[in-house]
Amino acid sequence: MRARPHISVVTLRSFAAALCGSLVAACAPTSTATTTTTHPTTPSPAPTHMPTAAARDDVAQSGLPTAAVSISTTNGPVRFRVELASTPRERNVGLMFREHLDDDAGMLFLFEREQLLTFWMKNTYIPLDMLFIDARHQIVGIVEDAAPQTTTSRGVPGDSQYVLELNAGTARRLGLSPRQTVTFEGVEAALQAAGKDAP
């Protein structure tokens, strides 16, 4: 008969403790998982005149300062009554949701500096001509007959500081073209009266 090995209580306890330690170690995570947020690739620049969902609340944009602009053409000067969009909010809303624009009316968008400007026609119901004007007040280029309720970015080559929106067909009808001079009449006074600084 083979003799049984003598195992003390202390030895059994040590073995049990070592076994439990191994099991616990095997079940524990080897590293803490980290959740990271990946930002999407930066999209192409959005149009400068970009409508917002809240714009319908400002549909009339009542109280916008008004002034006039005059454009020198080969047939003489032509004059328009314009609303002035000089703040980011006013520029974002623009002529959205309007259902009528008089033939001699428009909206003049004023920016702080010359830059490459692009506009779109989302939530804009009236087809428009867009005249892009530089810091010297010369027409850089014209986008004619921009279709309503579209999100195509529209712009012209070269930097501009102002954009004049008129009814579609106005540029062709009046012979408006690049390099013509635009004169602002009462713009700074209208902005000051409204408590705004000219860009």
As an exercise, state the distance from [atom1] of [X] to [atom2] of [Y], rounded to the nearest 0.5 Å.
X: F132; Y: F119; atom1: CZ; atom2: CZ; value: 6.0 Å
X: F80; Y: L166; atom1: CZ; atom2: CG; value: 4.5 Å
X: M130; Y: L164; atom1: CE; atom2: CG; value: 11.0 Å
X: L128; Y: D145; atom1: CG; atom2: CG; value: 9.0 Å
X: I133; Y: E114; atom1: CD1; atom2: CD; value: 11.5 Å
X: Q138; Y: T181; atom1: CD; atom2: OG1; value: 5.0 Å

Is there side-chain contact between [X] and [Y], with at least one heavy-atom pair below 4.5 Å?
X: Y162; Y: L131; answer: no
X: R81; Y: D104; answer: yes
X: V82; Y: M107; answer: no

Could you pull out all residues at least two apart from D159 that satisfy salt bridge (Lys or Arg N to Asp or Glu O under 4.0 Å)?
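So D159 forms no salt bridge (Lys or Arg N to Asp or Glu O under 4.0 Å) with any residue.
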
Compare every heavy atom of P148 with every heavy atom of I126, then report the nearest pair and how far apart it is.
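Shortest heavy-atom separation between I126 and P148 comes out as C-CG, 4.0 Å.
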
R98 charged N/C atom sitting above Y125 aromatic ring, 6.0 Å / 45°
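No, a cation-pi geometry is absent between R98 and Y125.
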
I'd like a table of donor-acceptor pairs (distance under 3.5 Å, sequence neighbours excluded) in which one partner is a side-chain atom from residues 66-73, with atom names and distances.
| unit_1 | atom_1 | unit_2 | atom_2 | d |
| --- | --- | --- | --- | --- |
| T73 | OG1 | N75 | N | 3.2 |
| T73 | OG1 | G76 | N | 3.4 |
| T73 | OG1 | G76 | O | 2.4 |

The criterion is side chain to side chain donor-acceptor pair (under 3.5 Å); which residues satisfy it with R136, sequence neighbours excluded?
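Side chain to side chain donor-acceptor pair (under 3.5 Å) list for R136, sorted by chain: D134.
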
List the residues meeting side chain to side chain donor-acceptor pair (under 3.5 Å) with D103, not counting sequence neighbours, and say none if there are none.
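With sequence neighbours excluded, D103 shows a side chain to side chain donor-acceptor pair (under 3.5 Å) to no residue whatsoever.
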
Please check: side-chain N/O of [X] versus main-chain N/O of [Y], any donor-acceptor pairing under 3.5 Å?
X: R113; Y: F111; result: no
X: N167; Y: D102; result: yes
X: N123; Y: M96; result: no

Side-chain donor-acceptor pairs of residues 171-178 under 3.5 Å, sequence neighbours excluded:
| unit_1 | atom_1 | unit_2 | atom_2 | d |
| --- | --- | --- | --- | --- |
| R172 | NH2 | E144 | OE1 | 3.3 |
| S177 | OG | Q180 | NE2 | 3.3 |

Take atom CD of E112 as the centre, draw a 6.0 Å sphere, and report whether it contains more than 12 heavy atoms from other residues, nucleotides or ligands.
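Yes.
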
Acceptor/donor pairs from residues 184-199 side chains to any protein atom, 3.5 angstrom cut, sequence neighbours excluded:
| unit_1 | atom_1 | unit_2 | atom_2 | d |
| --- | --- | --- | --- | --- |
| E185 | OE1 | R79 | NE | 2.8 |
| E185 | OE1 | R79 | NH2 | 3.0 |
| K196 | NZ | E90 | OE1 | 3.3 |
| K196 | NZ | E90 | OE2 | 2.2 |

